[in-house]
> 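The structure's right below; bear with me while I get my questions together.
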There are 2 protein chains.
Amino acid sequence: MTTTTAASRQHTLRERNLRLVARAVFEAPEPPSRADIAAATGLTRATVSTLVDQLVGARLLRELPAVADGRAGRPAVPLVPEGRSMLGLGLEVNVDYLGARAIDLTGATVAERVVPGTFHDSEPAEVLGALGRIARDITRDTHDAGMRLAGARLALPGLVDARAGVLDVAPNLGWSSVEPVPLLALDGLPVEIANEAKLAALAELGGPGFVSADAAVPDSFLYVSGDVGIGAAIVVGRELFLGERGWNGEVGHVVVDPAGPRCSCGARGCLEQFAGKEALAGAAGLPADAPLTDLLALLGPRHTRPVKPLDDGSGRPPAAQAAADAAVRRAGQALGSALADFVNLVDVHTVVLGGIYTDLLPWLRPEVEGVLAERVLAAPFVDLEVRAARAGAQAALTGGAREVLRGVLGDPAAWV
Amino acid sequence: MTTTTAASRQHTLRERNLRLVARAVFEAPEPPSRADIAAATGLTRATVSTLVDQLVGARLLRELPAVADGRAGRPAVPLVPEGRSMLGLGLEVNVDYLGARAIDLTGATVAERVVPGTFHDSEPAEVLGALGRIARDITRDTHDAGMRLAGARLALPGLVDARAGVLDVAPNLGWSSVEPVPLLALDGLPVEIANEAKLAALAELGGPGFVSADAAVPDSFLYVSGDVGIGAAIVVGRELFLGERGWNGEVGHVVVDPAGPRCSCGARGCLEQFAGKEALAGAAGLPADAPLTDLLALLGPRHTRPVKPLDDGSGRPPAAQAAADAAVRRAGQALGSALADFVNLVDVHTVVLGGIYTDLLPWLRPEVEGVLAERVLAAPFVDLEVRAARAGAQAALTGGAREVLRGVLGDPAAWV
DNA sequence: CCTATTTGTTGTACGGATGAACTATCCCTC
DNA sequence: GAGGGATAGTTCATCCGTACAACAAATAGG
């Protein structure tokens with residue numbers, strides 16, 4: 001309501017109405033005609049026509065062939081986002097892979113490269129140099145195919161100061177005080193950095209301003225991603241809430257039990273010590289770096305949890321299964337406790353679980369939902385919902401690319 | 001950045017630039033001239049002149065006598081907010097008082113009535129009827145004096161659904177599912193309701209858009225108000241962050257110790273059971289409804305805390321002092337733990353303590369700051385600050401009235 | 001074939017910001 | 001104390017983008 005504004009001139013009107021028209025097309029359930037847009041926005045058909053013509057000229061929109069729909073009158077010309085024209089580029093350095101993904105305005109992935117690796121205690125210049133080469137390949141290929149790259153977002157697993165463009169610290173990479181953008185050496189391409197969980201959260205939204213065909217995507221949710229550490233993002237009204245610097249959502253260090261084990265952060269009883277990947281593996285009797293599949297194997301087939309850990313002929317030792325079961329149960333209680341605090345403090349009622357929690361959700365759900373129902377004050381008045389993330393692998397790549405395209409839609413006048 | 005927009009027409013320009021000019025005057029450290037505003041906003045002097053003339057005509061701004069400041073050139077005409085013209089009205093029902101306060105654009109209180117009482121388990125229609133009569137008195141008096149009331153905000157101590165205009169539940173009043181606005185019977189005056197802590201938080205901001213003369217007021221802070229319950233508000237960039245429905249900031253029910261005492265909410269180990277007013281009094285050996293002054297008397301003179309609770313000749317029994325001291329220390333640790341979670345989750349680095357914590361801060365500070373430094377992940381990178389609230393008595397009245405005036409400043413075109 | 005209907009386009013009018021020129025009022029200097 | 005320079009505020013022609021109304025295009029139905 002009260003956003004900071006600059007002086008408004010004539011062309012400000014044009015910019016704002018271009019955005020309005022572009023959004024009307026991207027958010028419509030069906031490809032709208034110029035007349036539909038006029039009705040939806042309150043602009044006149046004349047104005048909409050000139051604006052649409054500019055957006056079509058800029059190859060942000062495309063006209064479909066006019067089709068008679070059986071009603072009287074001149075048939076409408078449906079408008080849709082133009083594919084393979086404007087692209088957003090998502091980049092990511094994570095502990096076990098490098099990646100780049102280019103997405104167009106229809107939501108289609110146009111180019112992608114994901115390079116597995118081990119970047120624990122790696123050299124920033126080397127790793128980012130390699131990622132830069134990948135990105136330049138994509139830039140060249142897409143440019144040769146007549147597409148334009150609007151910008152890039154680099155996702156990093158650590159404390160990111162987006163405004164300063166500095167990665168302050170990324171424990172799992174062993175990086176600190178890195179300025180990553182120059183190391184990518186992507187001349188002429190505007191690159192911004194962001195925290196990995198924040199961009200992964202945005203991937204849960206339907207697209208660059210689209211209302212997803214899958215109508216169940218909520219406008220507001222907490223995204224909580226479990227791995228060795230536990231990160232989170234707050235999305236309200238399809239916008240990231242970042243606090244003062246974007247260092248929010250540190251749910252991994254919320255107090256679960258002050259008498260609990262000491263955490264790597266120095267404090268006691270943080271959620272991470274109960275529900276982090278390594279803590280969970282350890283409590284289940286597995287090595288700290290055991291892959292998630294080992295734990296899932298111990299837990300047995302999904303959607304069933306035996307009341308008693310009896311030998312079911314699967315070859316899993318009952319004692320090991322019981323330990324894994326207890327560990328996941330304890331993790332679920334701890335996660336529920338921290339999520340209850342989260343919900344009580346920020347008042348967002350949908351929780352999307354990503355990372356290892358996506359696959360573990362069937363086993364976690366009873367404890368998480370039980371604790372939430374007990375501890376969330378507003379529980380009697382709202383529908384609390386816990387769901388699994390759906391953005392798939394390397395969600396931050398998708399989220400980053402889409403965020404770039406959201407920026408294009410936020411100021412289409414810059415591209416006409 | 002990406003707020004929802006309606007169609008922009010010619011008059012949209014005028015509205016936006018009127019707001020821009022009005023804000024420039026209210027936020028300037030010194031009364032600016034038309035030329036100053038032009039320089040600050042990027043508008044031309046010609047445009048600023050016509051806009052200022054409209055705002056002066058609407059009695060939102062006032063010209064001071066032109067004064068030669070020693071420099072060459074025609075002397076500038078300083079512009080200031082017009083006093084005793086446009087008013088915002090703050091209303092409040094709390095457990096121990098009713099109140100109404102009208103504030104003008106200069107920040108001056110123009111009318112005020114505060115009626116002490118006991119509204120525990122009271123009748124909504126009766127109490128709100130009485131408050132409505134007070135408000136109508138103020139409306140009549142200010143109208144007769146040539147002032148205009150832009151609207152009113154009603155502060156309530158409970159879960160408020162501002163959009164629906166419904167108070168879902170207020171435990172301390174014994175109210176539930178009340179629609180308070182019609183019961184006030186204030187015809188023609190737009191009244192909105194809000195949670196008491198949220199409006200009290202806004203009172204910490206300098207005024208209706210002013211940058212406070214006291215430059216230390218931050219743009220972003222967590223406001224935590226201690227009483228029987230503990231409420232909070234999140235302010236980022238001088239705006240309230242409300243989550244989905246405004247039911248955020250329930251810091252009183254954050255987990256401090258899962259082995260702790262059972263809370264009135266049904267869960268265990270909530271902050272309220274360590275740092276709520278009644279819990280604190282009980283732990284200090286006082287009756288649950290003891291006034292805060294009793295506890296302060298036990299604690300002895302401020303800013304001194306004896307290492308050993310020896311008889312200092314003041315007549316306070318050492319054992320009672322020791323109990324009070326231990327209770328406050330325990331409360332400080334619990335409060336620090338919950339605030340650390342709060343800061344870790346929302347990334348706001350200034351905490352303003354209101355309610356009983358304002359007076360208790362000298363004793364709470366060491367434990368609170370100690371726990372924050374230990375538990376806040378970003379502590380090495382940012383300045384954490386804990387400070388006392390300064391808005392004074394009935395802060396929600398002030399905050400509500402100012403919020404109305406902020407609305408006027410957000411759309412001055414509606415008043416020209 | 002003619003009319004009703006809906007879509008999209010083509011003018012004209014209007015509101016609001018701009019920029020340059022103009023007036024008003026100061027300080028400073030000779 | 002007269003004139004020049006400087007700064008504040010106003011006036012007016014111009015431009016830009018949207019609204020409004022009329023018109024052209026393309027369909028359905030009788």
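All values reported here derive from a predicted model rather than from experimental measurement. Just so we're on the same page: letters track the sequence lines, and every chain starts at 1.
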> When all nucleic acid strands are considered with a 4.0 Å heavy-atom cut-off, which category describes B:V48: base, sugar-phosphate, or nothing?
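Result for B:V48 = nothing.
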> Do any side-chain nitrogens or oxygens of A:S33 fall under 4.0 Å of OP1 or OP2 in C:dG8?
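For C:dG8, OP1 or OP2 has a side-chain N or O of A:S33 closer than 4.0 Å.
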> Can you tell me if B:E192 uses its side chain to pair, donor with acceptor, with the backbone of B:G165 under 3.5 Å?
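Checking the backbone N and O of B:G165 against the side chain of B:E192, no donor-acceptor pair under 3.5 Å is found.
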> What's the spacing between B:R245 CZ and B:L242 CG if we round to 0.5 Å?
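Taking CZ in B:R245 and CG in B:L242, the distance rounds to 13.0 Å.
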> What residues in residues 9-17 of chain A put a non-hydrogen atom under 4.0 Å from any atom of DNA chain D?
A:Q10, A:L13, A:R14, A:N17
> Just how far, in rounded Å, is P of C:dT9 from CD1 of A:I37?
12 Å
> Throw together a table of side-chain donor-acceptor distances under 3.5 angstrom for residues 45-58 of chain B, partners on residues two or more places apart or in other chains.
from: B:T47; atom 1: OG1; to: B:T44; atom 2: OG1; distance (Å): 2.9
from: B:T50; atom 1: OG1; to: B:T47; atom 2: O; distance (Å): 2.8
from: B:D53; atom 1: OD1; to: B:R34; atom 2: NH2; distance (Å): 3.2

> CD/A:E112 to CG/A:L397 distance, rounded to the nearest 0.5 angstrom?
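So the gap between those two atoms works out to 7.0 Å.
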> Let me have a per-nucleotide readout for nucleotides 20-30 of chain C, 5' to 3', with B, S or -, counting only protein heavy atoms under 4.0 Å.
----BBBS---
> Which comes earlier along DNA chain C counting from the 5' end, the contact point of A:D53 or that of B:L43, where each point is its nearest nucleotide?
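Closer to the 5' end of DNA chain C: A:D53.
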> Give every donor-acceptor pair under 3.5 Å between a side-chain atom in residues 73-86 of chain B and any protein atom, sequence neighbours left out.
from: B:E82; atom 1: OE1; to: B:R62; atom 2: NE; distance (Å): 3.1
from: B:S85; atom 1: OG; to: B:R59; atom 2: O; distance (Å): 2.8

> State whether the side chain of A:N17 and the backbone N or O of A:L20 hold a donor-acceptor pair below 3.5 Å, judged by distance alone.
no
> Between the side chain of B:E204 and the main-chain N/O of B:A391, is any donor-acceptor distance below 3.5 Å?
yes
> Could you check how far CG of B:L20 sits from C1' of C:dG16, rounded to whole Å?
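Nearest whole value for this atom pair: 15 Å.
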> Taking OP1 and OP2 of C:dT9, is either one under 4.0 Å from a side-chain nitrogen or oxygen of A:S49?
yes
> At what distance, to the nearest 0.5 angstrom, does CZ of A:F221 lie from CG of A:L205?
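One gets 4.5 Å once the value is rounded to the nearest 0.5 Å.
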> Heavy atoms only, 4.0 Å cut-off, all strands: where does A:T50 land among base, sugar-phosphate and nothing?
nothing
> Quick one: list whatever passes side-chain hydrogen bond (donor to acceptor under 3.5 Å, both in side chains) with A:D144, sequence neighbours left out.
none
> For B:T44 and C:dT18, is the shortest distance between a side-chain N/O and OP1 or OP2 below 4.0 Å?
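Yes, such a contact exists.
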> Between A:R34 and C:dT9, does any side-chain N or O lie under 4.0 Å from OP1 or OP2?
yes
> Do A:S220 and A:V235 make a side-chain contact, defined as non-hydrogen atoms from C-beta onward lying under 4.5 Å apart?
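A:S220 vs A:V235: side chains apart.
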> So, B:T41 side chain and B:L43 main chain: donor-acceptor pair closer than 3.5 Å or not?
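Indeed, once roles are kept as given, a pair shorter than 3.5 Å links the two residues.
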> With a strict under 4.0 Å distance from non-hydrogen atoms of chain A, what nucleotide opens and what nucleotide closes the contacted stretch of DNA chain D, reading 5' to 3'?
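With heavy atoms of chain A under 4.0 Å away, the range is D:dC16 to D:dA28.
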